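All values derive from a computational prediction rather than experimental measurement.
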Amino acid sequence: AKAWQQAKADTLWYLSPVTDAKQPVHWLRAIATLIPPAANVTVKLRSGASPYYEAKTWSGWCQPVRPNNLLHLPQARYAQARIEMQPGINARLTRLTVTYMAPNRPPQLKVAAPACPGAVKGQVEIKWEAKDPDKDTVAVAIYLAGPDGKWKQLAAHLKKSPFKWD
C-alpha cells in the first residue's frame with residue numbers, strides 16, 4: 001500500500017502509478033471504490049505522452065471526477081490519478097478503475113494472386129492475406145471492373161482466402 005502525503009494542513013493526497021495504455025487512447029471514466037461509499041474523497045486525473053510527468057507533454061489535472069461523468073482529458077498513452085481527502089476522514093480507497101477506448105486501426109490487406117492487375121481469362125484464383133492490428137474479424141469483398149468502368153461485386157463477407165471465379 002502506498003502512503004498518503006500531506007501537501008497542506010487540510011488535504012491528504014495519494015498519487016497513483018502511471019497507467020500505460022500502450023498507444024494513444026481516449027480516457028473515458030474513472031470509478032473510485034471507497035469504504036464507506038459516501039466518503040468525501042476527490043479523484044483527479046491527468047494524461048501525457050511520456051511515462052514520466054513532464055509539464056510540456058502532460059495535461060493539467062482534470063476537474064474532480066463525478067460518478068458517471070466522462071473525463072475531459074486529451075488523448076494520450078499515459079494517465080495518472082491523484083486522490084485527495086481531508087485529514088481525519090475514516091475512508092479507504094479499495095479500487096480505482098480507469099476506462100479508455102483505443103482508436104480503431106484499419107486492417108492490412110495484401111493481394112497475393114493474381115500477380116498483377118489487368119485483364120484475366122478463364123478461371124481466376126484470387127488469394128489475399130488480411131490482418132487487423134486490433135484483432136477484429138476482417139471480411140473481404142471482391143469487385144470486378146467491367147469494360148465500361150463500372151464495378152460489379154463478385155463476392156462479399158469472405159473471411160478466408162482464396163476465392164475462385166470463372
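- Cation-pi geometry between Arg46 and Tyr53 is met: under 6.0 angstrom from the ring centre, within 45 degrees of the axis.
- Applying the side-chain contact (heavy atoms from CB on, under 4.5 Å) test to Tyr100 and every residue at least two apart in sequence or in another chain returns Ala21, Val25, Trp27.
- Val43 and Ile31 are not part of a single hydrophobic cluster, where members link through side-chain heavy atoms under 4.5 Å apart.
- Minimum heavy-atom separation, Leu28 to Met101: CD1-CB, 3.9 Å.
- Using a 4.5 Å cut-off between side-chain heavy atoms of Ile, Leu, Val, Met, Phe, Trp and Tyr, with links allowed through other members, Ile83 and Leu73 fall into the same hydrophobic cluster.
- Side-chain contact between Gln75 and Pro103 is present, with at least one heavy-atom pair separated by less than 4.5 Å.
- Remark: the backbone N or O of Asp136 is not paired with any side-chain donor or acceptor of Asp134 at under 3.5 angstrom.
- Taking all atoms of both residues into account, the shortest heavy-atom contact from Ala76 to Gly48 is CB-O, 3.2 Å.
- Summarising the geometry of Ala155 relative to Phe163, their closest heavy-atom pair is CB-CE1, 3.6 Å, with the distance given to 0.1 Å.
- The same ILVMFWY cluster, assembled from side-chain heavy atoms under 4.5 Å apart, contains both Leu144 and Val140.
- Using a distance-only test at 3.5 Å, with no hydrogens or angles considered, no donor-acceptor pair links the side chain of Thr33 to the main chain of Thr94.
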Residue pair Asp166, Lys164: steps toward the salt bridge (Lys or Arg N to Asp or Glu O under 4.0 Å) verdict: CA-CA 7 Å; Asp166 192 2; Lys164 291 182 181 180; over 6 Å; no
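- In the hydrophobic clustering of ILVMFWY residues, with side-chain heavy atoms under 4.5 Å counting as a link, Val18 and Trp13 come out apart.
- Between the side chain of Gln80 and the backbone N or O of Ser16, at least one donor-acceptor pair lies under 3.5 Å.
- Between Pro74 and Ser47 the shortest heavy-atom distance is O-OG, 3.0 Å.
- The hydrophobic cluster containing Ile126 also contains Leu158, counting ILVMFWY residues as joined when their side-chain heavy atoms lie under 4.5 angstrom apart, directly or transitively.
- Here the CG atom belonging to Leu109 is positioned 8.5 Å from the CH2 atom belonging to Trp128, to the nearest 0.5 angstrom.
- Summarising the geometry, atom CD belonging to Glu84 is positioned 10.0 Å from atom CG belonging to Leu12; distances are rounded to the nearest 0.5 Å.
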